[in-house]
Participant: 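Structure provided below as structure tokens; questions to follow.
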Number of protein chains: 2
Amino acid sequence: MRIGELSRATGVAVPTIKYYVREGLLPAGRLTSPNQARYDDGHVRRLRLIRGLMDVGGLSVSAVREVLAAVDSPREPVHKVLGAAQLAITPPPAVTPDGMEAARGKVAEIIRRRGWRVGDDNPAVEALAVALATFEGIGHGDFEEVVDDYAAACERVAEADLAWVGRNAEVDGLVESVVVGTVLGDAVLTAMRRLAHVDASARRYEQGTGGPAGASGTA
Amino acid sequence: MRIGELSRATGVAVPTIKYYVREGLLPAGRLTSPNQARYDDGHVRRLRLIRGLMDVGGLSVSAVREVLAAVDSPREPVHKVLGAAQLAITPPPAVTPDGMEAARGKVAEIIRRRGWRVGDDNPAVEALAVALATFEGIGHGDFEEVVDDYAAACERVAEADLAWVGRNAEVDGLVESVVVGTVLGDAVLTAMRRLAHVDASARRYEQGTGGPAGASGTA
DNA sequence: CGCTATCTGATAGCAGGACTATCTAAGATG
DNA sequence: CATCTTAGATAGTCCTGCTATCAGATAGCG
């Protein structure tokens, strides 16, 4: 197909497609003459993946580039791909609040308590510490009361994720599954958390009142 | 305190503080003369909250403004605050991929299956549908195999969150707790999911090999 | 009282990110 | 052959989140 058709098939404007090619997100078309090129289904899929990572996963162009580098790398063990994907999508903490030492200690304690086999050089460790330190700095240090519930929930989710990826283990798109599952899975998880909040809130604060007004205030 | 002290206490540059005041995120100082103003601990807390929402929660200035509007509104039932916070932090889906009808159906089915009491006008419903449609469009429609595990995990998380908020029910900062727990809780949850991934991956793919090399590739 | 540091409020400028517009020369296609 | 589309290149646009500069005024100290 030509670039115009690719554009129509994906809903991405032609100049934007050219931009992605320039930025190294999308391979160039196969030139049939000095100023004509052909694109195929691989380009369609790739373009959808790019937009998914950006629009749903919230990744920047440069993060997408790194993630796709992992996708394109020769097949590596899931373990390594996971690490590469995590590195690419975990922006180095833009800011380090006060109380990071204490927060790092808390994180180490959680990891120890759960028996998680993770190195402390994992970017998510630092990200978690930043988040906990921020809670603390805002005066909500008691949030750590719930981290064990979070941890248990995450263990369950991770099991499901790995099983899902494992089902694709023999398939070509294994690496892509890891990346997509990691990035888009976040979006699914946070959206569902919102829904579960609303449900739990309805049960807790509306139960028995028969109306929409709650129990903890009079508005 | 004066603005310079406020700046030093929070690590936020003076012009940035002024910018936040202009943007309506931070109340102005109390003027002691036409060109002198005083700030207090409330400003320190507020500023930390703003930076937490932006740096950790990834909110934009305008999203922070909306969230803070909810925080500042007269005390309303948790239910309503939750809705307001969710509205503010759930950006209207920038893009709607193909297959949204099917995805909306899936979401409705999930909600029905879980017995969740949520209206279908909830922005998270649409966000979830967009995420699922994106999975489908990329060729990973089988992701729905895991959504029930996600749902169960989220129910657990939501219970813990509500209990935590409930413990602050009599405290002044209830609304803030809801907002902070929603926004920063996402960061905690996704960071922990990463850690749980690494752990699960280690158990699944490294078990018995005694080394860092994995089982599913030779790289 | 004078001096320097600091402040308020206002306006303008800037850097980065993600496109978007325009242009030239050249195929494509009916 | 006339019209449409394309490749490749360069420049421009829009939005965000600050940052710089300035004028006039105040704080606080010796």
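Nothing here was measured: the structure is a model prediction, and the numbers come from that model. Proteins come first, then strands; the chains are lettered A, B, ... in the order of their sequence lines, and each starts at number 1. Excluded from the calculations below are hydrogen atoms, water molecules and symmetry mates; all remaining heavy atoms, backbone and side chain alike, are included.
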Participant: On the 0 to 90° scale, with breaks at 30° and 60°, tag the A:Phe135-A:Phe143 ring pair as parallel, tilted or perpendicular.
Facilitator: parallel

Participant: Give a yes/no on whether any side-chain N or O of A:Tyr20 is located under 4.0 angstrom from OP1 or OP2 of C:dA18.
Facilitator: no

Participant: Just by distance, no angles: are the side chains of B:Tyr20 and B:Arg51 close enough, under 3.5 Å, to form a donor-acceptor pair?
Facilitator: yes

Participant: Say whether, by atom type as modelled, one donor and one acceptor occur between the side chain of B:Asp161 and the main chain of B:Trp164 under 3.5 angstrom.
Facilitator: no

Participant: Each nucleotide in nucleotides 20-30 of chain C should get exactly one letter: B, S or -. Can you fill that in based on protein heavy atoms under 4.0 Å?
Facilitator: B-----BSSS-

Participant: Which residues within residues 47-68 of chain A lie with some heavy atom under 4.0 Å of an atom in DNA chain D?
Facilitator: none

Participant: Judged by atom type as modelled, is there a donor-acceptor pair below 3.5 Å linking the side chain of A:Arg193 to the main-chain atoms of B:Thr182?
Facilitator: yes

Participant: Is there a donor-acceptor contact under 3.5 Å from the side chain of A:Thr190 to the main chain of A:Ala187?
Facilitator: yes

Participant: Hey, mind stepping through A:Glu66 and A:Leu87 against side-chain contact (heavy atoms from CB on, under 4.5 Å) and telling me if it holds?
Facilitator: CA-CA 9 Å; A:Glu66 291 180 60; A:Leu87 254 186; 5.9 Å; no

Participant: Indicate yes or no for a side-chain donor-acceptor contact from B:Arg65 to the backbone of B:Gly24 under 3.5 Å, with no hydrogens or angles considered.
Facilitator: no

Participant: So, the side chain of B:Arg38 versus the backbone of B:Arg2: is there a donor-acceptor pair under 3.5 Å, distance only?
Facilitator: no

Participant: Look at A:Asp186 together with B:Arg194 and state whether they make a salt bridge at an N to O cut-off of under 4.0 Å.
Facilitator: yes

Participant: Give a yes or no on whether the backbone of A:Val130 and the side-chain of A:Thr134 come within a donor-acceptor separation of less than 3.5 Å.
Facilitator: yes

Participant: At a heavy-atom distance below 4.0 Å, which nucleotide of DNA chain D is the first touched by chain A, and which is the last?
Facilitator: D:dT5 to D:dG8

